[in-house]
Amino acid sequence: MNFIVVIILVALGVDTCLHFFADILNLKHMSPELPHTFQDVYDTGRYAESQKYLTVNTNFEWIVSAVNLTALLCFWFLGGFNALDHLARGFGKGPVFTGILYIATLLLLKAILGFPFGIYHTFVIEEKFGFNKTTWKTYILDLIKGLLLAVILGIPLMAGVLAFFGYCGSNAWWYCWIAVSVFALLIRFVGPTWIMPLFNKFSPLEHGELKSALFSLAERIHFPLKNVFLMDGSRRSSKSNAFFTGFGRSKRIVLFDTLVEKTTVPELVAVMGHEMGHYKLHHIWQSTVIGILHTGVLFYLLSIFISLPPLFEAFYMDYSSVYAGMIFFGMLYSPVEMLLGFLMQLNSRRNEYLADRFAVEKTRDPLALSTALKKLSAQNLSNLTPHPFYVALNYSHPPILKRIEAILNIG
(Lines give C-alpha, C1' and ligand atoms only; values in the text may rest on other atoms or scores of the structure.)
Protein backbone atom coordinates (compact mmCIF):
# COMPACT_ATOMS: atom_id res chain seq x y z
CA MET A 1 0.00 0.00 0.00
CA ASN A 2 1.18 3.52 -0.80
CA PHE A 3 3.00 4.93 2.25
CA ILE A 4 1.07 8.21 2.02
CA VAL A 5 -2.20 6.30 2.23
CA VAL A 6 -0.95 4.65 5.42
CA ILE A 7 0.13 8.00 6.93
CA ILE A 8 -3.20 9.68 6.20
CA LEU A 9 -5.30 6.72 7.36
CA VAL A 10 -3.30 6.43 10.59
CA ALA A 11 -3.63 10.19 11.15
CA LEU A 12 -7.39 10.07 10.60
CA GLY A 13 -7.70 7.06 12.90
CA VAL A 14 -5.59 8.59 15.67
CA ASP A 15 -7.43 11.90 15.48
CA THR A 16 -10.83 10.20 15.59
CA CYS A 17 -9.86 7.91 18.46
CA LEU A 18 -8.24 10.70 20.49
CA HIS A 19 -11.32 12.91 20.25
CA PHE A 20 -13.68 10.02 20.96
CA PHE A 21 -11.62 8.98 23.99
CA ALA A 22 -11.52 12.59 25.20
CA ASP A 23 -15.30 12.87 24.79
CA ILE A 24 -15.86 9.70 26.84
CA LEU A 25 -13.58 10.97 29.61
CA ASN A 26 -15.33 14.33 29.51
CA LEU A 27 -18.79 12.80 29.91
CA LYS A 28 -17.64 10.55 32.75
CA HIS A 29 -15.99 13.51 34.46
CA MET A 30 -19.30 15.31 34.96
CA SER A 31 -20.08 15.76 38.61
CA PRO A 32 -23.71 15.47 39.80
CA GLU A 33 -23.00 18.00 42.54
CA LEU A 34 -23.08 21.70 41.70
CA PRO A 35 -19.65 23.24 42.49
CA HIS A 36 -19.86 25.46 45.54
CA THR A 37 -18.39 28.41 43.61
CA PHE A 38 -21.45 28.49 41.33
CA GLN A 39 -24.21 28.22 43.90
CA ASP A 40 -24.94 31.94 43.67
CA VAL A 41 -25.67 31.85 39.89
CA TYR A 42 -26.82 28.27 39.26
CA ASP A 43 -29.61 26.20 40.71
CA THR A 44 -29.52 22.41 40.58
CA GLY A 45 -32.05 22.29 37.75
CA ARG A 46 -30.04 24.64 35.54
CA TYR A 47 -26.86 22.74 36.36
CA ALA A 48 -28.46 19.44 35.35
CA GLU A 49 -29.57 21.14 32.12
CA SER A 50 -25.95 22.09 31.36
CA GLN A 51 -24.89 18.46 31.68
CA LYS A 52 -27.72 17.34 29.42
CA TYR A 53 -26.66 20.01 26.91
CA LEU A 54 -23.10 18.65 26.94
CA THR A 55 -24.31 15.08 26.44
CA VAL A 56 -26.63 15.96 23.56
CA ASN A 57 -23.93 18.00 21.78
CA THR A 58 -21.32 15.28 22.26
CA ASN A 59 -23.60 12.62 20.78
CA PHE A 60 -24.43 14.94 17.88
CA GLU A 61 -20.73 15.60 17.20
CA TRP A 62 -20.09 11.84 17.10
CA ILE A 63 -22.71 11.44 14.39
CA VAL A 64 -21.35 14.38 12.37
CA SER A 65 -17.78 13.08 12.69
CA ALA A 66 -18.79 9.55 11.62
CA VAL A 67 -20.70 10.82 8.60
CA ASN A 68 -17.88 13.14 7.51
CA LEU A 69 -15.24 10.44 7.88
CA THR A 70 -17.35 7.87 6.02
CA ALA A 71 -18.07 10.35 3.20
CA LEU A 72 -14.38 11.21 2.86
CA LEU A 73 -13.24 7.59 2.74
CA CYS A 74 -15.96 6.61 0.25
CA PHE A 75 -15.19 9.58 -2.01
CA TRP A 76 -11.48 8.81 -1.80
CA PHE A 77 -11.47 5.05 -2.37
CA LEU A 78 -14.24 5.10 -4.99
CA GLY A 79 -12.11 7.44 -7.10
CA GLY A 80 -14.09 10.61 -6.50
CA PHE A 81 -11.05 12.91 -6.53
CA ASN A 82 -9.93 11.59 -9.92
CA ALA A 83 -13.44 11.67 -11.42
CA LEU A 84 -13.89 15.29 -10.35
CA ASP A 85 -10.48 16.14 -11.84
CA HIS A 86 -11.53 14.72 -15.21
CA LEU A 87 -14.79 16.68 -15.03
CA ALA A 88 -12.97 19.95 -14.25
CA ARG A 89 -10.39 19.37 -16.99
CA GLY A 90 -13.20 18.77 -19.47
CA PHE A 91 -13.88 22.50 -19.69
CA GLY A 92 -10.41 23.04 -21.15
CA LYS A 93 -9.92 26.44 -19.51
CA GLY A 94 -6.38 26.22 -18.18
CA PRO A 95 -4.88 25.22 -14.80
CA VAL A 96 -6.03 28.23 -12.77
CA PHE A 97 -9.67 28.05 -13.82
CA THR A 98 -9.63 24.26 -13.54
CA GLY A 99 -8.09 24.47 -10.08
CA ILE A 100 -10.65 26.98 -8.85
CA LEU A 101 -13.47 24.81 -10.20
CA TYR A 102 -11.99 21.69 -8.61
CA ILE A 103 -11.42 23.18 -5.15
CA ALA A 104 -14.68 25.14 -5.15
CA THR A 105 -16.63 21.98 -6.04
CA LEU A 106 -15.04 20.05 -3.18
CA LEU A 107 -15.85 22.87 -0.75
CA LEU A 108 -19.42 23.01 -2.06
CA LEU A 109 -19.86 19.25 -1.62
CA LYS A 110 -18.57 19.54 1.94
CA ALA A 111 -20.98 22.42 2.63
CA ILE A 112 -23.91 20.44 1.23
CA LEU A 113 -23.00 17.48 3.43
CA GLY A 114 -22.90 19.72 6.50
CA PHE A 115 -26.05 21.71 5.66
CA PRO A 116 -28.62 19.40 7.33
CA PHE A 117 -26.42 19.07 10.42
CA GLY A 118 -26.18 22.86 10.73
CA ILE A 119 -29.95 23.15 10.50
CA TYR A 120 -30.50 20.41 13.08
CA HIS A 121 -28.02 21.92 15.54
CA THR A 122 -29.53 25.41 15.24
CA PHE A 123 -33.23 24.67 15.02
CA VAL A 124 -33.43 21.50 17.13
CA ILE A 125 -30.61 21.34 19.72
CA GLU A 126 -30.13 25.07 20.32
CA GLU A 127 -33.91 25.56 20.18
CA LYS A 128 -34.50 22.79 22.71
CA PHE A 129 -32.18 24.41 25.25
CA GLY A 130 -33.57 27.90 24.72
CA PHE A 131 -30.62 29.42 22.88
CA ASN A 132 -31.79 29.76 19.31
CA LYS A 133 -33.25 33.11 18.27
CA THR A 134 -32.41 32.72 14.58
CA THR A 135 -35.25 32.85 12.07
CA TRP A 136 -35.18 30.83 8.86
CA LYS A 137 -34.81 34.07 6.93
CA THR A 138 -31.74 35.11 8.92
CA TYR A 139 -30.24 31.64 8.66
CA ILE A 140 -30.60 31.48 4.86
CA LEU A 141 -29.40 35.05 4.41
CA ASP A 142 -26.30 34.27 6.49
CA LEU A 143 -25.55 31.29 4.23
CA ILE A 144 -25.97 33.40 1.09
CA LYS A 145 -23.78 36.20 2.46
CA GLY A 146 -21.12 33.68 3.49
CA LEU A 147 -21.17 32.12 0.02
CA LEU A 148 -20.87 35.50 -1.68
CA LEU A 149 -17.95 36.48 0.57
CA ALA A 150 -16.24 33.18 -0.22
CA VAL A 151 -16.63 33.91 -3.93
CA ILE A 152 -15.58 37.57 -3.76
CA LEU A 153 -12.62 37.07 -1.40
CA GLY A 154 -11.72 33.42 -1.76
CA ILE A 155 -11.60 32.99 -5.53
CA PRO A 156 -9.06 35.79 -6.22
CA LEU A 157 -6.84 34.53 -3.39
CA MET A 158 -7.11 30.96 -4.64
CA ALA A 159 -6.37 32.06 -8.20
CA GLY A 160 -3.26 33.92 -7.02
CA VAL A 161 -1.91 30.89 -5.13
CA LEU A 162 -2.54 28.58 -8.09
CA ALA A 163 -0.91 31.04 -10.48
CA PHE A 164 2.18 31.43 -8.28
CA PHE A 165 2.68 27.67 -7.96
CA GLY A 166 1.93 27.17 -11.62
CA TYR A 167 4.28 29.78 -13.06
CA CYS A 168 6.87 30.94 -10.50
CA GLY A 169 8.87 27.77 -9.92
CA SER A 170 10.95 27.56 -6.75
CA ASN A 171 9.98 31.08 -5.68
CA ALA A 172 6.27 30.24 -5.57
CA TRP A 173 6.07 29.31 -1.91
CA TRP A 174 7.31 32.64 -0.56
CA TYR A 175 5.28 34.64 -3.10
CA CYS A 176 2.24 32.81 -1.76
CA TRP A 177 3.39 33.38 1.81
CA ILE A 178 3.63 37.13 1.28
CA ALA A 179 0.34 37.34 -0.63
CA VAL A 180 -1.67 35.31 1.87
CA SER A 181 -0.14 37.11 4.87
CA VAL A 182 -0.97 40.52 3.38
CA PHE A 183 -4.49 39.30 2.60
CA ALA A 184 -4.97 38.04 6.19
CA LEU A 185 -3.78 41.37 7.64
CA LEU A 186 -6.04 43.28 5.26
CA ILE A 187 -9.04 41.23 6.37
CA ARG A 188 -8.21 42.06 9.99
CA PHE A 189 -8.28 45.75 9.12
CA VAL A 190 -11.44 45.78 7.00
CA GLY A 191 -13.32 42.97 8.73
CA PRO A 192 -14.72 45.00 11.66
CA THR A 193 -15.98 47.84 9.47
CA TRP A 194 -16.92 46.11 6.21
CA ILE A 195 -17.49 42.39 6.76
CA MET A 196 -18.86 41.90 10.27
CA PRO A 197 -21.66 44.50 9.78
CA LEU A 198 -22.99 42.32 6.96
CA PHE A 199 -24.11 39.82 9.59
CA ASN A 200 -24.80 41.89 12.70
CA LYS A 201 -25.72 45.43 13.66
CA PHE A 202 -23.05 47.30 15.61
CA SER A 203 -24.26 50.36 17.49
CA PRO A 204 -21.96 52.72 19.42
CA LEU A 205 -22.57 52.33 23.13
CA GLU A 206 -24.80 55.11 24.40
CA HIS A 207 -23.51 57.66 26.87
CA GLY A 208 -24.05 56.62 30.45
CA GLU A 209 -22.48 54.96 33.46
CA LEU A 210 -21.12 51.98 31.52
CA LYS A 211 -19.48 54.00 28.77
CA SER A 212 -17.95 56.42 31.28
CA ALA A 213 -16.55 53.54 33.34
CA LEU A 214 -15.06 51.82 30.27
CA PHE A 215 -13.40 55.00 29.00
CA SER A 216 -12.10 55.73 32.48
CA LEU A 217 -10.43 52.31 32.59
CA ALA A 218 -9.03 52.77 29.07
CA GLU A 219 -7.55 56.14 29.99
CA ARG A 220 -6.03 54.72 33.17
CA ILE A 221 -4.22 51.92 31.34
CA HIS A 222 -3.42 54.02 28.23
CA PHE A 223 -5.58 51.90 25.97
CA PRO A 224 -6.46 53.78 22.72
CA LEU A 225 -10.23 53.38 22.95
CA LYS A 226 -12.32 55.41 20.50
CA ASN A 227 -15.63 53.62 20.89
CA VAL A 228 -17.36 50.55 22.26
CA PHE A 229 -19.97 48.80 20.16
CA LEU A 230 -23.09 46.92 21.14
CA MET A 231 -23.81 43.93 18.88
CA ASP A 232 -27.28 42.51 18.37
CA GLY A 233 -26.25 38.98 19.28
CA SER A 234 -29.79 38.32 20.50
CA ARG A 235 -30.91 38.12 16.85
CA ARG A 236 -29.33 34.68 16.65
CA SER A 237 -28.80 33.36 20.15
CA SER A 238 -29.41 34.09 23.81
CA LYS A 239 -25.77 33.25 24.55
CA SER A 240 -23.45 36.07 25.63
CA ASN A 241 -19.93 37.13 24.77
CA ALA A 242 -17.56 40.05 24.31
CA PHE A 243 -14.49 40.39 22.11
CA PHE A 244 -11.75 42.63 20.78
CA THR A 245 -11.12 42.76 17.04
CA GLY A 246 -9.28 44.71 14.36
CA PHE A 247 -6.07 46.69 14.05
CA GLY A 248 -5.26 50.39 13.91
CA ARG A 249 -8.25 52.65 13.41
CA SER A 250 -10.51 49.66 12.78
CA LYS A 251 -9.96 48.06 16.19
CA ARG A 252 -13.02 47.89 18.37
CA ILE A 253 -14.38 46.35 21.54
CA VAL A 254 -17.73 44.65 21.09
CA LEU A 255 -20.30 43.70 23.73
CA PHE A 256 -23.20 41.37 23.00
CA ASP A 257 -26.51 42.97 23.91
CA THR A 258 -27.32 39.80 25.87
CA LEU A 259 -24.22 40.37 28.01
CA VAL A 260 -25.07 43.99 28.80
CA GLU A 261 -28.61 42.99 29.70
CA LYS A 262 -27.58 40.51 32.40
CA THR A 263 -24.32 41.92 33.77
CA THR A 264 -23.58 44.84 36.10
CA VAL A 265 -21.36 47.78 35.19
CA PRO A 266 -18.40 46.66 37.40
CA GLU A 267 -18.64 43.17 35.88
CA LEU A 268 -18.66 44.55 32.34
CA VAL A 269 -15.70 46.79 33.13
CA ALA A 270 -13.81 43.73 34.41
CA VAL A 271 -14.65 41.77 31.25
CA MET A 272 -13.46 44.67 29.10
CA GLY A 273 -10.33 44.90 31.24
CA HIS A 274 -9.64 41.33 30.20
CA GLU A 275 -10.12 42.15 26.50
CA MET A 276 -7.94 45.27 26.78
CA GLY A 277 -5.37 43.09 28.52
CA HIS A 278 -4.99 40.95 25.41
CA TYR A 279 -4.11 44.11 23.47
CA LYS A 280 -1.79 45.61 26.10
CA LEU A 281 0.03 42.30 26.59
CA HIS A 282 0.56 42.03 22.82
CA HIS A 283 -1.41 38.80 22.48
CA ILE A 284 -3.06 40.06 19.29
CA TRP A 285 0.26 40.67 17.58
CA GLN A 286 1.67 37.46 19.02
CA SER A 287 -1.10 35.37 17.44
CA THR A 288 -0.72 37.31 14.18
CA VAL A 289 3.02 36.67 13.98
CA ILE A 290 2.58 32.99 14.85
CA GLY A 291 -0.10 32.71 12.18
CA ILE A 292 2.16 34.32 9.56
CA LEU A 293 5.10 32.05 10.45
CA HIS A 294 2.83 29.02 10.34
CA THR A 295 1.61 30.06 6.89
CA GLY A 296 5.20 30.31 5.66
CA VAL A 297 6.10 26.84 6.92
CA LEU A 298 2.92 25.47 5.39
CA PHE A 299 3.67 26.88 1.94
CA TYR A 300 7.31 25.78 2.09
CA LEU A 301 6.32 22.20 2.86
CA LEU A 302 3.62 22.38 0.22
CA SER A 303 6.24 23.36 -2.36
CA ILE A 304 8.18 20.19 -1.52
CA PHE A 305 5.28 17.75 -1.55
CA ILE A 306 3.06 19.26 -4.25
CA SER A 307 4.78 17.43 -7.11
CA LEU A 308 5.49 14.17 -5.28
CA PRO A 309 4.16 11.31 -7.49
CA PRO A 310 3.12 9.03 -4.57
CA LEU A 311 0.86 11.83 -3.29
CA PHE A 312 -1.26 11.60 -6.44
CA GLU A 313 -1.00 7.82 -6.65
CA ALA A 314 -2.47 7.64 -3.14
CA PHE A 315 -5.67 9.27 -4.43
CA TYR A 316 -5.84 7.30 -7.70
CA MET A 317 -5.20 10.38 -9.83
CA ASP A 318 -4.45 10.02 -13.53
CA TYR A 319 -2.83 13.47 -13.61
CA SER A 320 -0.83 15.51 -11.16
CA SER A 321 -1.79 19.14 -10.58
CA VAL A 322 -1.14 22.02 -8.22
CA TYR A 323 -4.77 22.29 -7.13
CA ALA A 324 -5.19 18.58 -6.31
CA GLY A 325 -1.78 18.54 -4.64
CA MET A 326 -2.90 21.33 -2.31
CA ILE A 327 -5.92 19.30 -1.19
CA PHE A 328 -3.96 16.10 -0.71
CA PHE A 329 -1.10 17.83 1.10
CA GLY A 330 -3.63 19.31 3.50
CA MET A 331 -4.68 15.80 4.47
CA LEU A 332 -1.07 14.59 4.71
CA TYR A 333 -0.21 17.59 6.89
CA SER A 334 -3.01 16.89 9.38
CA PRO A 335 -0.80 15.12 12.01
CA VAL A 336 1.47 18.18 12.15
CA GLU A 337 -1.57 20.45 12.29
CA MET A 338 -2.95 18.45 15.21
CA LEU A 339 0.29 18.82 17.17
CA LEU A 340 0.54 22.53 16.38
CA GLY A 341 -3.09 23.00 17.38
CA PHE A 342 -2.36 21.38 20.74
CA LEU A 343 0.56 23.78 21.34
CA MET A 344 -1.41 26.81 20.12
CA GLN A 345 -4.26 26.08 22.51
CA LEU A 346 -1.81 25.63 25.37
CA ASN A 347 -0.41 29.09 24.63
CA SER A 348 -3.93 30.51 24.27
CA ARG A 349 -4.94 29.22 27.73
CA ARG A 350 -1.79 30.78 29.18
CA ASN A 351 -2.70 34.11 27.59
CA GLU A 352 -6.20 33.96 29.05
CA TYR A 353 -4.76 33.63 32.55
CA LEU A 354 -2.47 36.60 31.87
CA ALA A 355 -5.37 38.71 30.57
CA ASP A 356 -7.40 37.81 33.68
CA ARG A 357 -4.51 38.92 35.89
CA PHE A 358 -4.21 42.16 33.93
CA ALA A 359 -7.93 42.88 34.40
CA VAL A 360 -7.83 42.18 38.13
CA GLU A 361 -4.73 44.30 38.68
CA LYS A 362 -6.12 47.25 36.73
CA THR A 363 -9.70 47.17 38.04
CA ARG A 364 -8.73 46.02 41.55
CA ASP A 365 -11.98 44.05 41.58
CA PRO A 366 -11.44 40.27 41.35
CA LEU A 367 -14.99 39.54 42.48
CA ALA A 368 -16.45 41.49 39.55
CA LEU A 369 -14.49 39.47 36.97
CA SER A 370 -15.16 36.13 38.66
CA THR A 371 -18.89 36.88 38.97
CA ALA A 372 -19.07 37.98 35.32
CA LEU A 373 -17.42 34.75 34.19
CA LYS A 374 -19.77 32.71 36.35
CA LYS A 375 -22.79 34.46 34.86
CA LEU A 376 -21.48 33.88 31.35
CA SER A 377 -20.93 30.19 32.06
CA ALA A 378 -24.36 29.76 33.60
CA GLN A 379 -26.10 31.63 30.80
CA ASN A 380 -24.27 29.61 28.11
CA LEU A 381 -24.67 26.25 29.93
CA SER A 382 -20.90 25.76 29.89
CA ASN A 383 -19.38 22.56 31.19
CA LEU A 384 -18.03 23.39 34.66
CA THR A 385 -15.98 20.22 35.14
CA PRO A 386 -14.28 19.25 31.86
CA HIS A 387 -11.73 16.45 31.92
CA PRO A 388 -8.08 17.68 31.76
CA PHE A 389 -7.37 15.60 28.64
CA TYR A 390 -10.41 17.07 26.89
CA VAL A 391 -9.24 20.55 27.88
CA ALA A 392 -5.74 19.90 26.49
CA LEU A 393 -7.21 18.72 23.19
CA ASN A 394 -10.03 21.22 22.68
CA TYR A 395 -9.98 24.27 24.95
CA SER A 396 -8.54 27.63 23.92
CA HIS A 397 -9.62 28.99 27.34
CA PRO A 398 -8.88 27.45 30.75
CA PRO A 399 -11.74 25.66 32.53
CA ILE A 400 -13.92 28.21 34.28
CA LEU A 401 -13.34 26.89 37.81
CA LYS A 402 -9.58 27.13 37.39
CA ARG A 403 -9.90 30.65 35.99
CA ILE A 404 -11.98 31.76 38.95
CA GLU A 405 -9.57 30.13 41.41
CA ALA A 406 -6.65 31.95 39.79
CA ILE A 407 -8.54 35.26 39.77
CA LEU A 408 -9.44 35.05 43.44
CA ASN A 409 -5.85 34.10 44.31
CA ILE A 410 -4.71 37.32 42.62
CA GLY A 411 -7.20 39.27 44.69
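These numbers come from the heavy atoms of this one structure, side chains and all, not from hydrogens, waters or symmetry mates.
- Taking OH of Tyr175 as the reference point, atom SG of Cys168 lies at 6.0 Å (rounded to 0.5 Å).
- Looking only at side-chain heavy atoms (C-beta outward), Lys28 and Ile24 come within less than 4.5 Å of each other.
- By the 30° and 60° cut-offs, the orientation of the rings of Phe123 relative to Trp136 is parallel.
- Looking at Asn26 and His387, their side chains never bring a donor and an acceptor atom within 3.5 Å of each other.
- Applying the side chain to side chain donor-acceptor pair (under 3.5 Å) test to every pair with at least one member in residues 144-173, sequence neighbours left out, gives these pairs: Asn171-Trp174.
- Rounding to the nearest 0.5 angstrom, the gap separating the CG atom in Leu346 from the CZ atom in Arg350 is 9.5 Å.
- Judged by distance alone, the side chain of Ser334 and the main-chain N or O of Met331 form a donor-acceptor pair under 3.5 Å.
- At least one donor-acceptor pair under 3.5 Å links the side chain of Ser238 to the backbone N or O of Gly130.
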Are Leu153 and Ile195 close enough, and set up right, to give a side chain to side chain contact (heavy atoms under 4.5 Å, CB included), and what steps lead you there?
CA-CA 11 Å; Leu153 299 177; Ile195 297 177; 4.0 Å; yes
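- The environment of NE2 in His282 is sparse: at most 12 heavy-atom neighbours from other residues, nucleotides or ligands sit within 6.0 Å.
- Taking CD1 from Ile112 and NZ from Lys110, the interatomic distance works out to 13.5 Å, rounded to the nearest 0.5 Å.
- Lys93 places none of its side-chain heavy atoms less than 4.5 Å from the side chain of Leu101.
- In this structure, NZ in Lys402 is found 12.5 Å from OH in Tyr395, a value given to the nearest 0.5 Å.
- Within a 6.0 Å radius of CZ in Arg357, no more than 12 heavy atoms belonging to other residues, nucleotides or ligands are found.
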Using the rule given for side chain to side chain contact (heavy atoms under 4.5 Å, CB included), can you reason through Val336 versus Val297, listing the C-alpha separation, both sets of side-chain angles and the distance that settles it, and then say yes or no?
CA-CA 11 Å; Val336 180; Val297 172; over 6 Å; no
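- Here Leu69 contributes atom CG and Thr16 contributes atom OG1; the two are 5.0 Å apart, rounded to the nearest 0.5 Å.
- Put simply, the side chain of Leu255 reaches to within 4.5 Å of the side chain of Leu210, judged on heavy atoms.
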Go through the steps for Asp85 and Tyr323 under the test side-chain hydrogen bond (donor to acceptor under 3.5 Å, both in side chains), then give the verdict.
CA-CA 10 Å; Asp85 187 41; Tyr323 52 84; 2.6 Å; yes
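- When Thr385, Leu384, Asp23, Asn383 are each tested for a side-chain contact (heavy atoms from CB on, under 4.5 Å) with Leu54, only one passes: Asn383.
- Checked against a 6.0 Å centroid threshold, the rings of Phe305 and Tyr333 do not count as neighbours.
- Around CZ of Phe21, the count of heavy atoms belonging to other residues, nucleotides or ligands within 6.0 Å does not exceed 12.
- Between the side chain of Thr134 and the main chain of Arg236, a donor-acceptor pair closer than 3.5 Å is present.
- Closest non-hydrogen pair, Ile63 versus Phe117, comes out as CG2-CE2, 4.2 Å.
- The side-chain heavy atoms of Tyr319 and Phe312, taken from C-beta on, include no pair separated by under 4.5 Å.
- Within the structure, side chain to side chain donor-acceptor pair (under 3.5 Å) pairs that include any residue of residues 297-311 do not occur (at least two apart or interchain).
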Using side-chain hydrogen bond (donor to acceptor under 3.5 Å, both in side chains), reason through Tyr120 and Glu127 one step at a time and then give a plain yes or no.
CA-CA 9 Å; Tyr120 185 85; Glu127 186 80 31; over 6 Å; no
After noting the C-alpha distance and the side-chain angles of Leu109 and Leu113, does the key distance pass the side chain to side chain contact (heavy atoms under 4.5 Å, CB included) rule?
CA-CA 6 Å; Leu109 290 173; Leu113 181 64; over 6 Å; no
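- Distance check, rounded to the nearest 0.5 Å: CZ of Phe77 to CZ of Phe315 gives 8.0 Å.
- The closest donor-acceptor contact from the side chain of Asp15 to the backbone of Ala11 lies at 3.5 Å or more, if one exists at all.
- Of all the heavy atoms in Phe223 and Ile253, the pair that sits closest is CE2-CD1, 4.0 Å.
- A ring-centre distance under 6.0 Å is not found for Phe358 and His278.
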Would you please test Thr258 and Lys239 for side chain to side chain contact (heavy atoms under 4.5 Å, CB included) and show each step?
CA-CA 7 Å; Thr258 48; Lys239 292 182 177 180; over 6 Å; no
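- Contacts classified as side chain to side chain donor-acceptor pair (under 3.5 Å) and involving residues 64-82 (residues at least two apart or in different chains) are given here: Asn82-Asp318.
- Of all non-hydrogen atoms in Ser396 and Ser348, the two that sit nearest each other are O-OG, 2.7 Å.
- With hydrogens and angles ignored, the 3.5 Å screen pairs no side-chain donor or acceptor of Glu267 with any backbone N or O of Lys262.
- With hydrogens and angles ignored, the 3.5 Å screen pairs a side-chain donor or acceptor of Asn380 with a backbone N or O of Ser240.
- In this structure a side-chain-to-backbone donor-acceptor pair under 3.5 Å is missing from Arg403 to Asp356.
- The ring of Tyr47 has its center no closer than 6.0 angstrom to the ring center of Phe38.
- Across all non-hydrogen atoms, the minimal contact from Leu354 to Leu281 is O-CD1, 3.6 Å.
- Here the side chains of Ile400 and Ser382 are not in contact, with every heavy-atom distance at 4.5 Å or above.
- Residues Asp40 and Lys374 come closest through the heavy atom pair OD2-NZ, 3.1 Å.
- In the displayed structure, Lys280 atom NZ is contacted under 6.0 Å by more than 12 heavy atoms of other residues, nucleotides or ligands.
- The local environment of CH2 in Trp62 is crowded, with over 12 non-hydrogen atoms from other residues, nucleotides or ligands closer than 6.0 Å.
- No side-chain heavy atom of Asn132 sits under 4.5 Å from any side-chain heavy atom of Tyr139.
- Here the side chains of Met326 and Met158 are not in contact, with every heavy-atom distance at 4.5 Å or above.
- A 4.5 Å side-chain heavy-atom check between Asp257 and Glu261 finds every atom pair outside the cut-off.
- Nearest approach of Tyr279 to Ile284, heavy atoms of both residues: CA-CG1, 4.1 Å.
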